[in-house]
Number of protein chains: 2
Amino acid sequence: MANVSIRDVARHAGVSVGTVSNVLNRPDAVSEDSVTRVQTAIEELGYVRNEAARKLRAGVSATVGFVVLDGQNPFFYDVVRGAEDEASRHGIAILYGSTGEDVNRERTYLDLFEEQQVRGLLIAPYGDVNRRLERLRERGIRAVLVDRFSGENKFSSVSVDNVAGGRMAVDHLVATGRRRIAFVGGPFAMRQVTDRLAGARVAAEGADVPVELEVVATEAMSVAEGVTAGERILRRPREDRPDALFAVNDLVALGLLQSLVGGRRVMVPEEVAIIGFDDISFAAAAAVPLSSMRQPSATIGMTALRVLLEEAGDPTLIPRQTVFQPELVVRRSTDPQPGRKG
Amino acid sequence: MANVSIRDVARHAGVSVGTVSNVLNRPDAVSEDSVTRVQTAIEELGYVRNEAARKLRAGVSATVGFVVLDGQNPFFYDVVRGAEDEASRHGIAILYGSTGEDVNRERTYLDLFEEQQVRGLLIAPYGDVNRRLERLRERGIRAVLVDRFSGENKFSSVSVDNVAGGRMAVDHLVATGRRRIAFVGGPFAMRQVTDRLAGARVAAEGADVPVELEVVATEAMSVAEGVTAGERILRRPREDRPDALFAVNDLVALGLLQSLVGGRRVMVPEEVAIIGFDDISFAAAAAVPLSSMRQPSATIGMTALRVLLEEAGDPTLIPRQTVFQPELVVRRSTDPQPGRKG
DNA sequence: GAACGAACATGAAACGTTTCAACGCGATTC
DNA sequence: GAATCGCGTTGAAACGTTTCATGTTCGTTC
């Protein structure tokens, strides 16, 4: 009800509206006296700045949009949290949208965020959004890709070196004595998936000992898909099974774990080792604590937001790719087996 | 760059700005002819409505704030997703903020959302925010409490019947033959916790057979706290241990599971049954799939948003409390043990 | 064919900011 | 003491909508 405007504040403080605005936005261009008088007036009247008017006139927005396409994956919550932390430090609010795999939904959100005239966009894309992002850039809305390396250098991106991660994971499995490794994951349309697999291949081929690497494809990176992949592996005769599984992410790894250990049919890590990717918080909490390639998820979010703000501040900046290195986190699911063959 | 305004559209379509605005907002008050002409003009120019100007003039906002205080709990992601679904159906964007237990952070977000003049606020509070929410309401911003029953009827709320949930959980444990039950959870400042415990008490006392109910307190509802609680239980001699654990939520339950089963020290459910609360997606994926009291999390979010929009539309509406019933989901962690004592 | 009403269309005012050219005024310089 | 400078301040314009009082047109009725 009490809708106090900058004009009321000005009147109450005995200054002009311009001065009040200056106190709010560049206090050093204004005398001490005015500052204090305006500030007490603000206090007394309980004035709250009207962001809509500000945005309208100054064309500058205090919101950033974040579109996540796999809202199910806890990894992204950490990314969002990192971005959020940084945003709140800058007094910026985050418009959040998760879209699953619904392309319409994605479009809706981008429209919505465009109407809101967000300062910029963080996006963890599932499919191909380049076209749309370019249109947005024409309108002055920058985008930063999250968790997805932008090869073409059209947009900035913040991601993790998935090839290195795949390599490190398989290196680790080999170092702990495993020789028959299966990569479990999909879909192969996703860059993350192919990169991690490529890294795994490099490690398998570069090992000092002969290492077999097979691929068990899944349709998505979900727990459910992990479970069915596990069932498929269990259906094979024992001697045909791999002795280690590298899952494309922790959700798949947890699914695998569930189907292998669940029925007490296979011992992890004794018979089969499992390593995942992301190191989500549930990885440590699994019944057999899961080894994983940790991504600095919060840092990714934070960095993405910073890059975005910088670019929004200076549109001439050329896109830049930030790549973090993943980190091997060893837990019980890949305990070395001293008595193992090889 | 191409900043097309309603005026440009009007010119291009050969009508007045008022007509364009009408086409956008109440198309039935305008002739067919105008509608189509305006619409093609919009298409051709790539016009996007400026939400800031709209908000400024009409005082009506297309954003809703959602403040979650326990951003770690996957349960809330589902709630958010439900709210989001409903929001996108109304063309409304969600400003998202999670605050952990940082009270400052919470204040920052409420300030931010107030500046943004959100249409309303969904809030899953940890501590006491009534004061602040009342101030917001004075300014015309309604709030709906999520996952927290508002006893005083000052605000609307959407939550689950935690007492009933506690009762059903213990009923189930008793029905499957358990007699020595421990409630594991905390902090007891949280209403959810005390309600679930109260329900557990009712069930224990109302059972046909004698049932012991003890309380193992935790400092938070996290996996880590579940683990330490599990360690504490394990330290007791075997004959002093409970034969069933009712965890205040799934995070704690997963922690318990991890510490009990992890070292293969205790068989679940043979020696100890475990039931959680929330039925987060990882509950089913645990190595021993976890029984849980399911909350209709997405429905909670959706309903909360609906209630909010209704109230924002008609400020005279009196607050109303929506309470859902939880649902027992039985999985292996509470498999009945026919040969059990009692 | 005058009068009336329905159905649309019009365009200026208003929303609350930020911005900026212009101004006031005391201090400094020649 | 006139000219110049710098520091603060001022107030009006402008941002892109929605709203609403006022017009215009056209079909109907007597």
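Numbered from 1 within each chain, the chains take letters A, B, ... in sequence-line order. Just so you know, these numbers come straight off a predicted model, no measurement behind them.
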[X] [atom1] to [N] [atom2]: how many Å, rounded?
| X | N | atom1 | atom2 | answer |
| --- | --- | --- | --- | --- |
| A:Gln117 | D:dT17 | CD | P | 9 Å |
| A:Asp8 | C:dT17 | CG | P | 9 Å |
| B:Asn50 | C:dC15 | CG | P | 18 Å |
| B:Glu115 | C:dT17 | CD | C1' | 12 Å |
| B:Glu51 | D:dT17 | CD | P | 11 Å |
| B:Asn25 | D:dT18 | CG | C1' | 7 Å |
| A:Asn22 | C:dG16 | CG | P | 20 Å |
| A:Arg37 | D:dT10 | CZ | C1' | 14 Å |

Picking from [options], which would you name as closest to the side chain of [X]?
| X | options | result |
| --- | --- | --- |
| B:Leu56 | C:dA9, C:dT18, C:dC15 | C:dC15 |
| A:Arg57 | D:dT18, D:dT10, C:dT17 | C:dT17 |
| B:Arg7 | D:dT17, C:dG11, C:dT18 | D:dT17 |
| B:Ser21 | C:dG16, C:dT10, D:dT18 | D:dT18 |
| B:Ser31 | D:dT9, C:dA12, C:dC8 | C:dC8 |

Assign each of A:Asp28 and A:Gly18 the nucleotide of DNA chain D bearing its closest heavy atom; nearer the 5' end lies the nucleotide of A:Asp28
Taking for A:Val17 and for A:Ala29 the nucleotide of DNA chain D with the nearest heavy atom, the one nearer the 5' end belongs to A:Ala29
Is the phosphate of D:dG16 approached by B:Ser5 (side-chain N or O, under 4.0 Å from OP1 or OP2)? no
Would you say B:Ser34 places a side-chain N or O within less than 4.0 Å of OP1 or OP2 belonging to C:dC8? no
May I ask you to say what [X] touches in the nucleic acid, namely base, sugar-phosphate or nothing, with a heavy-atom cut-off under 4.0 Å?
| X | answer |
| --- | --- |
| B:Thr19 | base |
| B:Arg49 | sugar-phosphate |
| A:Val60 | nothing |

Classify the side-chain pair [X]/[Y] by whether it contains a donor and acceptor separated by less than 3.5 Å.
| X | Y | result |
| --- | --- | --- |
| A:Ser88 | B:Arg105 | yes |
| A:Gln321 | A:Ser157 | yes |
| A:Thr316 | A:Asp314 | yes |

By side-chain contact (heavy atoms from CB on, under 4.5 Å), B:Ala93 pairs with (sequence neighbours left out) A:Leu95, A:Leu112, A:Phe113, A:Gln116, B:Thr63
Per nearest nucleotide of DNA chain C, the residue lying toward the 5' end, B:Val30 or B:Ala58, is B:Val30
Practice problem: Indicate yes or no: does A:Asp111 engage A:Arg132 in a salt bridge with an N to O separation below 4.0 Å. | Solution: yes
Hey, are B:Glu310 and B:Arg320 close enough for a salt bridge, meaning a charged N less than 4.0 Å from a carboxylate O?
yes
